[in-house]
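The next block holds one structure in the form of structure tokens; read it before the comments.
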Number of protein chains: 2
Amino acid sequence: MNEAEALATFGALSNVTRLRILKHLVKAGGDGLTAGEISNEVEATPSRASFHLAEMTKTGLLISERQSREIIYRVDFKSIGDMVHYLIHDCCEGNKTVQSCCNPNDNCL
Amino acid sequence: MNEAEALATFGALSNVTRLRILKHLVKAGGDGLTAGEISNEVEATPSRASFHLAEMTKTGLLISERQSREIIYRVDFKSIGDMVHYLIHDCCEGNKTVQSCCNPNDNCL
DNA sequence: CTGATATTTCAATTAAACTTGAAATATATA
DNA sequence: TATATATTTCAAGTTTAATTGAAATATCAG
């Protein structure tokens, strides 16, 4: 992941609607959710949800697949992993304080 | 870290000038850098650098300390750790693919 | 106190991101 | 083919973020 990609990914996560879309999709698991379901869950109009879904897909955060009339979105966890990697290793040069927050039982709230 | 703080932190890192400030400050280590040095290094006017430094300090990414006429900025690694924690555990519910990118020798590029 | 240096603040402008609603596209079913 | 459903696209308007340059604040040295 290079600087431009990192900036785009941070930008993608800096909007409430998009952050909530991500969380709903994480909860949905491997089955993903349709654009309509997402639109309902985050209480956005279809066009607004579509705009944000496109934004997230462009940056690589989501993967989409048409299934007949519906379009299913899923999280691409690799892209979030890349972001975590970039944050820890590129930005912070492997800083121990940052790295310690990766563990499930760390001291980071 | 709550949703609003996470959004602010992602926003703080979604700007080139701010991302570069962060990297320069990480490289500078514990001594930090003065506002003037940062302004020079990222090639921004003093007022523009000051604006972004204030933005980053507001979100908790940086800590500032006046030393006579200069103001020294340092990275608060804890805030980045909190962000990493939020990403991995709150957003991604501890997803293994994401977590694997924390290690120095992972497969995340 | 005066003048110089370091930094911030502020108002004005410019640029980017977001929202809205209508129209377009894609697919399915009768 | 006609109609309905699911989703996207587009243009217009609105809001938020970033840049600029001048003025203000803080500290220091003479």
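Throughout, a chain's letter reflects where its sequence line sits, starting with A, and its residues are numbered from 1. The structure displayed is predicted, hence computed values, not measured ones.
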Identify whether any heavy atom of Ser47(A) sits under 4.0 Å from a base atom; if not, whether one sits that close to sugar-phosphate; answer base, sugar-phosphate or nothing. base

In whole angstroms, how far is the P atom of dT8(D) from the CG atom of Leu53(A)? 6 Å

Could you tell me whether Glu65(B) atom CD has more than 12 heavy atoms of other residues or ligands within 6.0 Å of it? yes

To the nearest angstrom, the CZ-P distance between Arg48(B) and dT19(D) comes to 4 Å

For Arg18(A) and dC18(C), is the shortest distance between a side-chain N/O and OP1 or OP2 below 4.0 Å? yes

Touch class at under 4.0 angstrom, heavy-atom based, for Ser68(A) against every strand present: sugar-phosphate

For atom CD1 of Ile21(A) and atom C1' of dT7(D), their distance in whole Å: 14 Å

Is the backbone of Ala44(B) close enough, under 3.5 Å, to the side chain of Ser39(B) for a donor and an acceptor to pair up by distance? yes

Is it true that Phe77(A) and Leu33(A) fall in one hydrophobic cluster, defined by side-chain heavy atoms closer than 4.5 Å? yes

Contact under 4.0 Å: Tyr73(B) side-chain N or O vs dA6(C) OP1/OP2: no

Rounding to an integer number of Å, can you tell me how far Glu70(B) CD sits from dT5(C) P? 13 Å

Nearest to the Arg69(A) side chain among dT7(C), dT5(D), dT9(D), which nucleotide is it? dT5(D)

Transitively linked via ILVMFWY side-chain contacts under 4.5 Å: Leu7(A) with Leu61(B)? yes

Between Arg18(B) (side chain only) and Gly11(B) (backbone N and O only), is there a donor and an acceptor less than 3.5 Å apart? yes

Please check the phosphate of dA17(D) (OP1 and OP2 only) for any side-chain N or O of Asn15(B) closer than 4.0 Å. no

Using OP1 and OP2 only, check whether a side-chain N or O of His52(B) sits under 4.0 Å from dA17(D). no

Please state how far atom CD in Glu55(B) lies from atom C1' in dT8(C), giving the value in whole angstrom units. 14 Å

Roughly how many Å is it from CD in Glu37(B) to C1' in dA6(C), rounded to a whole number? 12 Å

Checking contacts here: which listed nucleotide (dA28(C), dT8(D), dT7(C)) is nearest the side-chain heavy atoms of Ile71(A)? dT8(D)

Rounded to whole angstroms, how far apart are CE on Met56(A) and C1' on dC18(C)? 15 Å

Counting only side-chain nitrogens and oxygens, does Thr34(A) get under 4.0 Å of the OP1 or OP2 atom of dT7(D)? yes

Calculate the interatomic distance between Phe51(A) atom CZ and dA11(D) atom P; express it in whole Å. 15 Å

On DNA chain C, check which nucleotide each of Arg66(A) and Gly11(A) is closest to and give me the residue with the more 5' one. Gly11(A)

